[in-house]
2 protein chains.
Amino acid sequence: MASIKDVAAQAGLSVATVSRVLNDHPSVSEDARRRVLAAVQTLGYRPNALARSLRTDQTRTLGLVISDVMNPYFTELARSVEEEARALGYSVIIGNADERPELQDHHVRTLLDRRIDGLLVSPTDGGSPLMLDAARAGTPMVFVDRWIPGVDVPVVRSDGQAAVRDLVAHLHRIGHRRLAIIAGPAATTTGRERVDAFRAALREHGLELPGTYIGQGDFQAGSGRRVTDGFLDLAEPPEVVFAADNLMALGALDAVRARGLRVPDDIALAAFDDIPWFVHTDPPVTAIAQPTGALGRAAVRALVDRIEGRPGASVTLPARLVVRRSCGEPVPPQSPSPVRRSTP
Amino acid sequence: MASIKDVAAQAGLSVATVSRVLNDHPSVSEDARRRVLAAVQTLGYRPNALARSLRTDQTRTLGLVISDVMNPYFTELARSVEEEARALGYSVIIGNADERPELQDHHVRTLLDRRIDGLLVSPTDGGSPLMLDAARAGTPMVFVDRWIPGVDVPVVRSDGQAAVRDLVAHLHRIGHRRLAIIAGPAATTTGRERVDAFRAALREHGLELPGTYIGQGDFQAGSGRRVTDGFLDLAEPPEVVFAADNLMALGALDAVRARGLRVPDDIALAAFDDIPWFVHTDPPVTAIAQPTGALGRAAVRALVDRIEGRPGASVTLPARLVVRRSCGEPVPPQSPSPVRRSTP
DNA sequence: CCTCCTCGTGGAATCGATTACACGAGGGAT
DNA sequence: ATCCCTCGTGTAATCGATTCCACGAGGAGG
């Protein structure tokens with residue numbers, strides 16, 4: 001592959017001049033510029049990003065470590081992150097932690113070794129020493145969706161508390177009293193927060209959340225299935241299951257279906273995170289929708305702010321309840337389909 | 001950030017010796033090794049991947065350019081690719097082309113600039129000069145899922161012909177005669193092949209595929225909606241719509257639902273690519289399942305073979321029909337749920 | 001005791017870029 | 001005519017690693 005030296009030779013100039021042309025530095029003659037550009041053309045030269053980054057100490061690359069690529073929520077987040085980053089002149093390297101702390105660490109390490117300019121993380125756990133050290137050492141970092149308390153890093157997230165309250169009110173109005181939740185891992189903020197919000201909302205209606213109605217999941221489909229099975233085996237099964245993410249809701253549907261039961265007649269279902277498929281499931285699933293695209297974009301802006309020396313603020317955006325039929329009547333006039341693809 | 005020089009100083013040795021320890025070169029004394037390791041520990045040193053790659057001319061990184069991250073099929077592909085690559089000691093950088101040729105080019109260029117060791121592509125179009133040049137110039141490359149004819153690059157893909165024939169036989173048996181297809185872009189091999197296979201299978205039953213029953217889609221949900229609307233507006237609408245991918249099937253469901261019609265009573269639906277949600281849609285969707293994980297793994301192995309100087313062979317794996325209820329009776333005894341997550 | 005190897009180590013070149021500094025040519029002000 | 005800037009260019013240092021080559025110490029063999 002042609003290097004800058006080859007271009008210099010071909011153009012009959014020094015590498016310094018070639019470099020100046022390529023970075024359009026002002027003091028270079030029109031003649032030199034033309035010759036360099038011609039040489040670049042004929043050699044098909046492309047600058048070596050590694051060499052450039054080594055010298056300039058910046059990669060114009062962001063690392064994004066997400067908890068699970070197979071989760072449509074994170075997939076959409078990744079898409080909006082890449083889009084916004086590209087608009088700001090950055091590339092993104094995605095690492096998929098698959099909800100496994102050791103994999104998360106692997107990716108953080110690899111990204112740091114590559115000297116990315118900044119890191120966007122949705123932590124799977126309480127934070128490994130590696131990540132905490134990196135944050136303390138001054139690596140620009142922003143938490144997105146989930147975060148780690150006690151670390152001085154901006155957090156871009158969605159607040160589901162009001163939406164959860166709306167959900168519980170909706171369930172209560174329909175007549176449900178025995179409400180259960182499939183929780184996410186206690187090591188994650190979203191895992192804890194959603195349970196807390198749920199419990200607080202129940203209390204407003206004078207309801208309890210007994211221990212047997214809190215199932216421990218891990219944000220993946222298998223755990224949703226397992227926990228739902230447990231609920232259905234109880235002497236007094238819940239009337240509603242609220243899954244703390246969409247994959248566990250998928251698992252819950254699997255479990256219900258495997259027993260030949262029906263939603264919402266035999267048991268009602270609601271989920272955190274709205275995805276396009278929830279419109280077409282049997283029945284359409286009532287869900288709490290996060291402003292995913294906006295979160296991704298805000299996270300990138302906060303991170304780039306930090307990288308470029310500006311403060312970089314935390315952002316919290318509200319989630320909202322989308323009522324469909326999976327919790328029973330009343331059916332709303334027309335449940336809107338979550339909007340994808342087109343960014344207005 | 002500490003460099004190898006700092007480690008050398010801390011250990012009281014030269015950078016050469018430090019480097020030898022780090023790459024566990026045989027000729028280094030036990031004493032030196034201990035001192036270097038201690039220095040690495042206290043400084044929290046991590047080698048700079050950029051510098052290393054610049055010197056050794058290899059990044060141990062694979063580029064993967066996929067057509068659309070929001071498509072669960074590609075998402076699963078990406079996951080299996082990363083998994084296999086990691087097992088072989090490689091990292092993966094994913095570029096999302098979003099079915100747009102110019103974005104695909106952007107990512108290929110960026111990846112090439114980073115001097116990735118090899119490229120895995122699922123081309124969105126007939127191939128830009130950039131990509132063809134790279135292939136000709138000897139960049140190790142493998143096509144996955146889709147490919148470009150006339151380029152000397154191994155292809156790892158799934159053959160759906162037999163499964164499409166099974167599907168058409170199934171539809172014919174049920175009594176359907178007017179079958180339509182939502183095709184993918186003609187610029188992609190999968191776009192063309194699926195139409196061809198469908199037409200050939202119809203012919204075996206003495207059926208035609210009229211032009212009005214071929215809708216031009218782009219593998220994204222919006223086009224599925226649009227095309228299905230067109231079908232439903234025909235004087236004689238088809239009895240079955242076969243969507244060439246899962247997102248267009250989602251769009252088709254949207255369109256049918258918007259008119260207050262029912263699947264399969266008013267119109268039947270089948271799709272290429274099976275995903276977990278198809279089990280729980282209303283009704284469960286009959287689909288053609290690709291061995292996605294196996295494809296991703298085979299593609300990585302082929303690419304790594306090329307990179308490491310071995311031949312690197314093309315692979316074709318069969319797809320299979322999964323019958324559910326979206327095409328009407330007969331209902332199979334129990335339609336299996338596609339397996340995710342766990343790799344056996 | 002001398003010679004020859006082997007082993008462990010360090011010096012320095014190298015990868016491909018960027019950039020500080022030096023330098024010569026040309027033009028304007030004095 | 002002299003001085004001083006500005007402009008365009010080139011030389012060389014530098015980023016952080018790897019690796020070829022040279023070198024000194026020590027052991028084996030004659």
Side-chain angles (χ1 to χ4, degrees), chain A residues 1-40 43-61 91 109-117 137, chain B residues 1-40 43-61 91 109-117 137:
Chain A
M1 196 146 229
S3 86
I4 196 171
K5 267 187 212 151
D6 303 316
V7 176
Q10 170 84 15
L13 290 163
S14 73
V15 294
T17 303
V18 174
S19 175
R20 286 193 194 97
V21 171
L22 265 31
N23 296 283
D24 41 37
H25 185 94
S27 96
V28 54
S29 71
E30 198 44 47
D31 173 59
R33 182 180 311 278
R34 254 195 302 275
R35 276 155 62 199
V36 168
L37 261 23
V40 165
L43 294 176
Y45 168 78
R46 290 250 82 212
N48 184 324
L50 300 171
R52 189 203 292 265
S53 293
L54 176 61
R55 182 61 235 257
T56 60
D57 202 36
Q58 56 155 326
T59 50
R60 292 203 76 81
T61 299
S91 302
R109 198 186 318 277
T110 309
L111 290 166
L112 255 23
D113 285 355
R114 280 178 197 276
R115 301 302 193 263
I116 44 141
D117 293 340
Chain B
M1 197 147 230
S3 86
I4 196 171
K5 268 188 213 151
D6 304 317
V7 176
Q10 170 85 15
L13 290 164
S14 73
V15 294
T17 303
V18 174
S19 175
R20 285 193 195 96
V21 172
L22 265 32
N23 295 283
D24 39 38
H25 185 94
S27 94
V28 53
S29 71
E30 199 44 47
D31 173 60
R33 182 179 311 277
R34 254 195 301 275
R35 276 154 64 199
V36 167
L37 262 22
V40 165
L43 293 176
Y45 168 78
R46 289 251 80 210
N48 184 325
L50 300 173
R52 189 202 293 264
S53 293
L54 176 60
R55 184 61 235 258
T56 60
D57 202 37
Q58 57 155 323
T59 50
R60 292 203 76 80
T61 299
S91 301
R109 199 186 317 278
T110 309
L111 290 166
L112 255 23
D113 285 356
R114 280 178 199 276
R115 301 300 192 265
I116 45 141
D117 292 341

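Side chains included, hydrogens not; waters and symmetry mates left out as well; all remaining heavy atoms used.
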Please enumerate all residues that pass side-chain contact (heavy atoms from CB on, under 4.5 Å) together with Val28(B), with sequence neighbours excluded.
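With sequence neighbours excluded, Val28(B) shows a side-chain contact (heavy atoms from CB on, under 4.5 Å) to Thr17(B), Val21(B), Ala32(B), Arg33(B), given in chain and number order.
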Leu22(A) and Tyr45(A): which non-hydrogen atoms are nearest, and at how many Å?
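That would be CD2-CE2, 3.5 Å.
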Given atom [atom1] of [X] and atom [atom2] of [N], what is their separation to the nearest angstrom?
{"X": "Leu50(B)", "N": "dA17(C)", "atom1": "CG", "atom2": "C1'", "value": "12 Å"}
{"X": "Asp113(A)", "N": "dG16(D)", "atom1": "CG", "atom2": "C1'", "value": "13 Å"}
{"X": "Lys5(B)", "N": "dG10(C)", "atom1": "NZ", "atom2": "C1'", "value": "15 Å"}
{"X": "Met1(A)", "N": "dC15(C)", "atom1": "CE", "atom2": "C1'", "value": "15 Å"}
{"X": "Gln58(A)", "N": "dC15(D)", "atom1": "CD", "atom2": "C1'", "value": "13 Å"}
{"X": "Asn48(A)", "N": "dG16(D)", "atom1": "CG", "atom2": "C1'", "value": "14 Å"}
{"X": "His25(B)", "N": "dG8(C)", "atom1": "NE2", "atom2": "P", "value": "9 Å"}
{"X": "Arg33(B)", "N": "dC7(C)", "atom1": "CZ", "atom2": "P", "value": "15 Å"}

For a 4.5 angstrom cut-off between non-hydrogen side-chain atoms, does [X] reach [Y]?
{"X": "Arg114(B)", "Y": "Thr61(B)", "value": "no"}
{"X": "Val7(B)", "Y": "Leu13(B)", "value": "no"}
{"X": "Arg52(A)", "Y": "Gln58(A)", "value": "no"}

Counting side-chain heavy atoms from CB outward, which of dG16(D), dG16(C), dG10(C) is closest to Ala51(B)?
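In terms of side-chain proximity for Ala51(B), the closest of dG16(D), dG16(C), dG10(C) is dG16(D).
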Closest-nucleotide 5' rank along DNA chain C - winner of Leu13(B) and Asp57(B):
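Nearest nucleotide further toward 5': that of Leu13(B).
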Want to settle it: does Asp31(B) or Leu54(B) sit nearer the 5' end of DNA chain C, counting the closest nucleotide to each?
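Nearer the 5' end of the strand: Asp31(B).
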Is Arg109(A) paired with Asp113(A) through a side-chain N to carboxylate O contact shorter than 4.0 Å?
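Here Asp113(A) does not pair with Arg109(A) in a salt bridge, since their nearest N and O are not under 4.0 Å apart.
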Base versus backbone protein contacts along nucleotides 18-28 of chain C [heavy-atom cut-off under 4.0 Å; B, S, -]:
BBB--------
Under 4.0 Å between a side-chain N or O of Ser29(B) and OP1 or OP2 of dT9(C)?
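Result: yes.
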Describe the nucleic acid contact of Ala49(B) in one word from base, sugar-phosphate, nothing, applying a heavy-atom distance below 4.0 Å.
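Ala49(B): no heavy atom of the nucleic acid under 4.0 Å.
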Ser27(B) near the nucleic acid: base, sugar-phosphate alone, or nothing, with a heavy-atom cut-off under 4.0 Å?
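The answer is base, as Ser27(B) lies within the cut-off (heavy atoms under 4.0 Å) of a base atom.
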Step by step, work out the side-chain contact (heavy atoms from CB on, under 4.5 Å) result for Asp57(A) and Ser53(A).
CA-CA 5 Å; Asp57(A) 202 36; Ser53(A) 293; over 6 Å; no
